[in-house]
**Q** 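Sharing a structure here in structure tokens format.
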2 protein chains.
Amino acid sequence: MRASERAYRSLRQDIIDGHLPPGAVLGEVEQSERLGLSRTPLREAIGRLVAEGLAEPSTGRGVVVTKVSLAEAGLLFDLRTVLEGLAARRAAEHADAALFGDLADRFEAATEPLRGGADPTEYYALTEELDAAVDDACANPYLAQHLRGLRVHLTRLRRFSRKDPARLAASATEHAAIAHALAARNPELAAATTTMHLQHALAHLQSHQETAGTAPTDPRSGTRPGHETQHDHDTVTT
Amino acid sequence: MRASERAYRSLRQDIIDGHLPPGAVLGEVEQSERLGLSRTPLREAIGRLVAEGLAEPSTGRGVVVTKVSLAEAGLLFDLRTVLEGLAARRAAEHADAALFGDLADRFEAATEPLRGGADPTEYYALTEELDAAVDDACANPYLAQHLRGLRVHLTRLRRFSRKDPARLAASATEHAAIAHALAARNPELAAATTTMHLQHALAHLQSHQETAGTAPTDPRSGTRPGHETQHDHDTVTT
DNA sequence: TCGGCGATCTGTGTATACACTGGTGCCGTG
DNA sequence: CACGGCACCAGTGTATACACAGATCGCCGA
């Protein structure tokens, strides 16, 4: 694999799961040494992160990791609702019934284990599969591209969501409903189930605003003070 | 200005106005020599173009300019409708009445000159001003970012639209209506006038599918055959 | 003591040299 | 004559060296 690709994926993952918290400076020398490559591919990786909105140039401090918190959740979900709504509509028009029927079954099968406290990792992978299938079925590469660009930020929000088995199980049921609607090739139903799911997801996210779980990096100050380097890997994992 | 920024703007403009037509290969050596800089900043520029969707890696041929044509217009407007609709709604909720009132006046003032065949360049600048004001007023940086990313592609479509004074005048009137709705801080009206405008714009664009004006680069073959370099500047200008 | 100013210095921006991959064309062989 | 393999080569990917700008810190003067 190309070095720039490795750097990109590594930094991207570190940002998403918080090892590189909002405000952390992405020094070229520091990061290139850490990842064991030269500045050239690293700069390319940083450029991609900036284009994605995961990092941004900050005058005087170089490129820093962008802030994301529950405060942005409303804005992100506002955008997400129209994009996923449109995608669901269009996907329902072209959907492969068998494909989405299968996904619906798998979501239903996942519900009970989640309610019992199962590891949601596998479930997240399943939702990614559904997302990818919708991206494909909506037959609109531009829409799919924008959705992919948005989902990165949504994934970052996961860190702020308490892992509530009841909510995860409900979420799986909602996903099953979406998949069923797509399998039935019913655009209106697909859009409605999607909107419903997003409303619930946002409500759940915001309901935990105060009781957020495992210390998501300094909720008090947006910009962190100094120039302390950020080598340490948090033990906090999604 | 940074060399990479110059390269980016130059290439971007060349792609938008067709000097670099779809399928044209963006060779690093060739372009860096043409623009008088080294490959390093040029690579950065190309990276940004790829992220924007104006270019894409093509196996074996390097990076090439992406295709855009009336065939994609429907997909682009599908996406545009939901994004601009949401932006109009949200902008109407926060709008500065004086700002949008002024824009509305200026659109109205532009209508008659356009009907008389005036140069639309100034009018395009005015629409960009409205777009920027909406981006700002919608108070959602994520939405604004996605809109900006989409507009690049829409601008490319201009080359396919015949410059019809009647349509331009009507378009100006529609923009005035949008601005008025925003000044009135009426979300529903703002969304409706926006949707109306987009429907008309798309209809006009597609009505000229066969009689498109000034030869927009090879409508017959998506991928162009050879390795002919693309130094010559078209005299065709938007 | 505080404010302004200049030197230093860290870190980015650019150029260039090198490595390597993938494609192309030629040659040999069946 | 066609097909497979090999060598060459163009062009990208990466490393490194250099130039330069902005920030920081210390010093000087008021």
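Each chain gets a letter, A, B and so on, in the order the sequences are listed, and its residues count up from 1. The basis for the numbers below is simple: all heavy atoms, side chains too, and nothing from hydrogens, waters or symmetry mates.
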**Q** Could you tell me whether the side chain of B:Arg39 has a donor or acceptor atom within less than 3.5 Å of a complementary atom in the base of D:dG11?
**A**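 No, the side chain and the base share no sub-3.5 Å donor-acceptor pair.
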**Q** Check whether any side-chain nitrogen or oxygen of A:Ser4 sits under 4.0 Å from OP1 or OP2 of D:dT14, and answer yes or no.
**A**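 Looking at the OP1 and OP2 atoms of D:dT14, one of them is under 4.0 Å from a side-chain N or O of A:Ser4.
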**Q** Relative to the 5' end of DNA chain D, which residue comes earlier, A:Gly36 or B:Val63, by the nucleotide with the nearest heavy atom?
**A**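 Whichever sits nearer the 5' end wins; that is B:Val63.
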**Q** Taking only nitrogen or oxygen atoms into account, show me every contact under 3.5 Å that the protein makes with nucleotides 19-24 of chain C, one pair per line with its distance.
**A**
none

**Q** Please confirm whether the backbone N or O of A:Glu44 pairs with a side-chain atom of A:Ser4, one donor and one acceptor, at under 3.5 Å?
**A**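 Not confirmed, A:Ser4 side chain does not pair with A:Glu44 backbone.
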**Q** Specify whether B:Tyr123 and B:His175 have parallel, tilted or perpendicular ring planes, treating 30° as the upper limit for parallel and 60° as the lower limit for perpendicular.
**A**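 The rings of B:Tyr123 and B:His175 stand perpendicular, inter-plane angle above 60°.
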**Q** Under 4.5 Å between any side-chain heavy atoms of B:Arg34 and B:Asp14, yes or no?
**A**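 With C-beta onward as the side chain, the pair touches.
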**Q** Using a cut-off of strictly less than 4.0 Å, decide whether A:Arg43 has a side-chain nitrogen or oxygen near OP1 or OP2 of C:dG13.
**A**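 It does, given that an N or O in the side chain of A:Arg43 lies less than 4.0 Å from OP1 or OP2 of C:dG13.
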**Q** When you check the phosphate oxygens OP1 and OP2 of D:dA15, does a side-chain N or O of A:Ser38 lie under 4.0 Å from one of them?
**A**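 Yes.
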**Q** For a quick check, with a 4.0 angstrom heavy-atom cut-off, what is the B/S/- contact string for nucleotides 3-8 of chain C, read 5' to 3'?
**A** ------
**Q** Under 4.0 Å, heavy atoms only, any strand: does B:Gly27 hit a base, just the sugar-phosphate, or nothing?
**A**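 Sugar-phosphate, backbone atoms only, no base.
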**Q** Under 3.5 Å, side chain of B:His94 to main-chain N/O of B:Arg90, donor-acceptor pair present?
**A**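 Between the backbone of B:Arg90 and the side chain of B:His94 there is a qualifying donor-acceptor contact (under 3.5 Å).
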**Q** Is there a donor-acceptor pair closer than 3.5 Å between any side-chain N or O of A:Gln13 and the backbone N or O of A:Ser10?
**A**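 Not at all, since once roles are kept as given, no pair shorter than 3.5 Å links the two residues.
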**Q** Can you tell me the distance, in whole Å, between the CE atom of A:Met1 and the P atom of D:dG13?
**A**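 From A:Met1 CE to D:dG13 P: 14 Å.
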**Q** Taking the side chain of B:Glu28 as its heavy atoms from C-beta onward, which of C:dA15, C:dT12, D:dG13 lies nearest to it?
**A**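 The closest nucleotide is D:dG13.
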